[in-house]
Amino acid sequence: MRWINVDNYSPPDTWLKKANAVTELLSSVKSKEERKKIIEDNSNLWRELKDDLFKLSHGKCWYSEAKRTVSFFDVDHFRPKNNVKALNWDGFETSNIDEGYWWLAFDWKNYRPAGEITNRKNSDKDGVCRGKQDYFPLFKGCQCAATPNDNIEYEIPVILDPTVREDSILISFDMNGEVIPAVPSDTFEYYRAKITIKLLHLDNPLLTDARLQVWNYCKRLLDEIEKIILKRDAASPLIEEIKRNRLAELAELLSPKSEFSSVATACILQSKHLWAKNLLKFSA
């Protein structure tokens with residue numbers, strides 16, 4: 001998961017005016033059914049921002065950092081707009097909330113562009129339901145925002161948020177392309193990472209295979225450059241050019257524009273090459 005910086009983005013004023021007007025309309029009606037219909041009738045609004053939001057991640061799913069691998073793309077409401085589904089996994093249980101965060105349905109800061117695998121309902125090889133859908137588990141005992149007057153800052157979400165820098169560092173990858181928690185197993189943050197991986201199906205074999213290809217390519221480049229550094233006994237323009245080209249390829253893998261760039265970062269961090277780790281200074 002790569003951090004998505006939304007601080008310097010704002011939708012067009014015309015969009016904000018329309019979104020504010022619909023939100024005011026939602027606040028004026030009394031029934032859940034009326035609010036749901038208003039949200040459905042104006043669903044084109046968040047789709048209008050899809051292209052702009054995807055530009056912030058260079059066309060990648062905000063959760064998985066995949067492009068083509070995850071096929072269709074949606075604008076996910078991080079906090080579900082209509083209802084919140086109950087979740088019961090591995091001793092973790094939440095209650096169903098009849099009506100979701102309707103007042104955030106047209107708040108662009110609640111949008112997370114996502115691929116089909118991570119966002120839509122699908123199943124793993126064991127038939128377990130995956131995909132974020134309308135799930136939004138909170139840490140047991142924390143306050144849950146139930147009305148527009150409640151402060152969502154008091155909530156402690158379980159799902160990692162790619163727009164929160166501190167969340168984005170909690171997931172990493174291994175040499176097999178597997179997604180793994182990046183923190184010790186006896187911590188709450190480890191638990192958040194595990195639930196996020198499972199719920200968002202970040203361990204989907206299609207994603208794992210694609211990440212493995214990136215890891216292997218990165219590893220091959222590291223080995224080739226290391227071989228040049230260790231065994232070259234004299235300066236050679238040709239060898240220097242080969243080294244520069246391989247370093248440029250590594251830099252491209254680490255670029256925010258590249259698919260699964262966080263996998264290349266993990267590969268370098270887990271390597272023994274100090275010179276390679278210095279490349280990370282230029283990949284932000």
Side-chain angles (χ1 to χ4, degrees), residues 1-11 49-50 52-67 70 73 75-80 101 104 107-115 118-119 132 135-139 142-143 145 151-174 179-200 202-203 207 211 214 218 251-270 276-284:
M1 182 178 288
R2 186 156 193 147
W3 175 53
I4 307 297
N5 185 359
V6 299
D7 293 342
N8 297 322
Y9 174 76
S10 181
L49 296 184
K50 180 188 285 190
D52 282 353
L53 293 173
F54 268 111
K55 286 179 183 177
L56 298 179
S57 63
H58 305 283
K60 298 184 289 187
C61 168
W62 285 21
Y63 294 122
S64 69
E65 215 194 343
K67 292 182 179 179
V70 289
F73 292 98
V75 176
D76 171 50
H77 287 70
F78 188 62
R79 286 175 166 81
Y101 301 80
L104 299 178
D107 183 343
W108 72 269
K109 292 182 179 179
N110 190 42
Y111 299 160
R112 307 288 184 273
T118 60
N119 190 47
K132 183 175 177 292
Y135 293 110
F136 191 69
L138 298 175
F139 181 56
C142 79
Q143 181 175 323
N151 191 344
I152 61 173
E153 296 300 323
Y154 293 147
E155 294 186 331
I156 306 177
V158 173
I159 298 173
L160 301 181
D161 185 353
T163 70
V164 176
R165 192 196 299 263
E166 296 81 5
D167 282 4
S168 68
I169 65 174
L170 299 178
I171 282 180
S172 189
F173 309 92
D174 67 16
V179 55
I180 56 175
V183 288
S185 59
D186 57 349
T187 63
F188 172 61
E189 302 294 22
Y190 175 90
Y191 182 70
R192 294 183 65 208
K194 288 289 286 186
I195 291 292
T196 299
I197 291 168
K198 185 173 181 178
L199 184 60
L200 272 58
L202 297 178
D203 55 354
L207 293 173
R211 291 190 299 252
V214 172
C218 184
E252 180 65 24
L253 285 180
L254 293 168
S255 168
K257 298 180 181 179
S258 295
E259 192 173 32
F260 307 118
S261 61
S262 52
V263 175
T265 298
C267 180
I268 287 177
L269 286 173
Q270 294 175 45
K277 295 175 184 179
N278 286 332
L279 286 172
L280 300 177
K281 298 176 183 178
F282 311 106
S283 65

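The model shown is predicted, which means the values in this text are computed figures rather than measured ones.
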Among residues at least two apart in sequence or on other chains, which ones pass ring-ring contact (aromatic ring centres under 6.0 Å, His included) with [X]?
X: Phe78; answer: Phe136
X: Tyr190; answer: none
X: Trp3; answer: none

Rounded at 0.5 Å granularity, tell me how far [atom1] in [X] sits from [atom2] in [Y].
X: Leu280; Y: Leu269; atom1: CG; atom2: CG; result: 5.0 Å
X: Tyr111; Y: Leu53; atom1: OH; atom2: CG; result: 9.0 Å
X: Ile171; Y: Met1; atom1: CD1; atom2: CE; result: 4.5 Å
X: Leu207; Y: Ile197; atom1: CG; atom2: CD1; result: 11.5 Å
X: Ile180; Y: Leu202; atom1: CD1; atom2: CG; result: 13.0 Å

Who are the side chain to side chain donor-acceptor pair (under 3.5 Å) partners of [X], not counting sequence neighbours?
X: Ser262; value: Glu65
X: Asp161; value: Arg112, Thr163
X: Arg192; value: Asp167, Glu189
X: Tyr101; value: Glu155

With Asp52, which residues qualify under salt bridge (Lys or Arg N to Asp or Glu O under 4.0 Å), at least two apart? none

Verify the neighbour count for atom NZ of Lys55: are there more than 12 heavy atoms of other residues, nucleotides or ligands below 6.0 Å? no

Over 12 non-hydrogen atoms of neighbours within 6.0 angstrom of NZ in Lys277: yes

Restricting to non-hydrogen atoms, name the atom on [X] and the atom on [Y] that form the minimum distance, rounded to 0.1 Å.
X: Gly59; Y: Lys67; result: O-CG, 3.7 Å
X: Ile156; Y: Cys142; result: N-SG, 3.5 Å
X: Ser261; Y: Ser255; result: CB-O, 3.2 Å
X: Tyr63; Y: Pro162; result: CE2-CD, 3.7 Å
X: Thr196; Y: Ile159; result: OG1-CA, 3.5 Å
X: Arg211; Y: Asp203; result: NH2-CA, 4.3 Å

Any donor and acceptor pair, going by atom type alone, linking the side chain of Ser258 with main-chain N or O of Glu252 inside 3.5 Å? yes

Output yes when a side-chain donor or acceptor of Lys132 lies under 3.5 Å from a complementary backbone atom of Asp76, and no otherwise. no

Under the criterion side chain to side chain contact (heavy atoms under 4.5 Å, CB included), I'd like the reasoning laid out for Ser64 against Leu200: C-alpha separation, chi angles, the key distance, then a yes or no. CA-CA 9 Å; Ser64 69; Leu200 272 58; over 6 Å; no

Heavy-atom distance under 4.5 Å between the side chains of [X] and [Y], does that happen here?
X: Val75; Y: Leu49; value: no
X: Cys218; Y: Ile268; value: yes
X: Leu254; Y: Thr265; value: yes

Return the set of residues passing side chain to side chain contact (heavy atoms under 4.5 Å, CB included) with [X] (not counting sequence neighbours), or none when no residue passes.
X: Ala266; value: Ser172, Phe173, Trp215, Gln270
X: Ser57; value: Ile4, Phe54, Lys60, Trp62
X: Lys109; value: Asp107
X: Asn151; value: Glu153, Tyr154

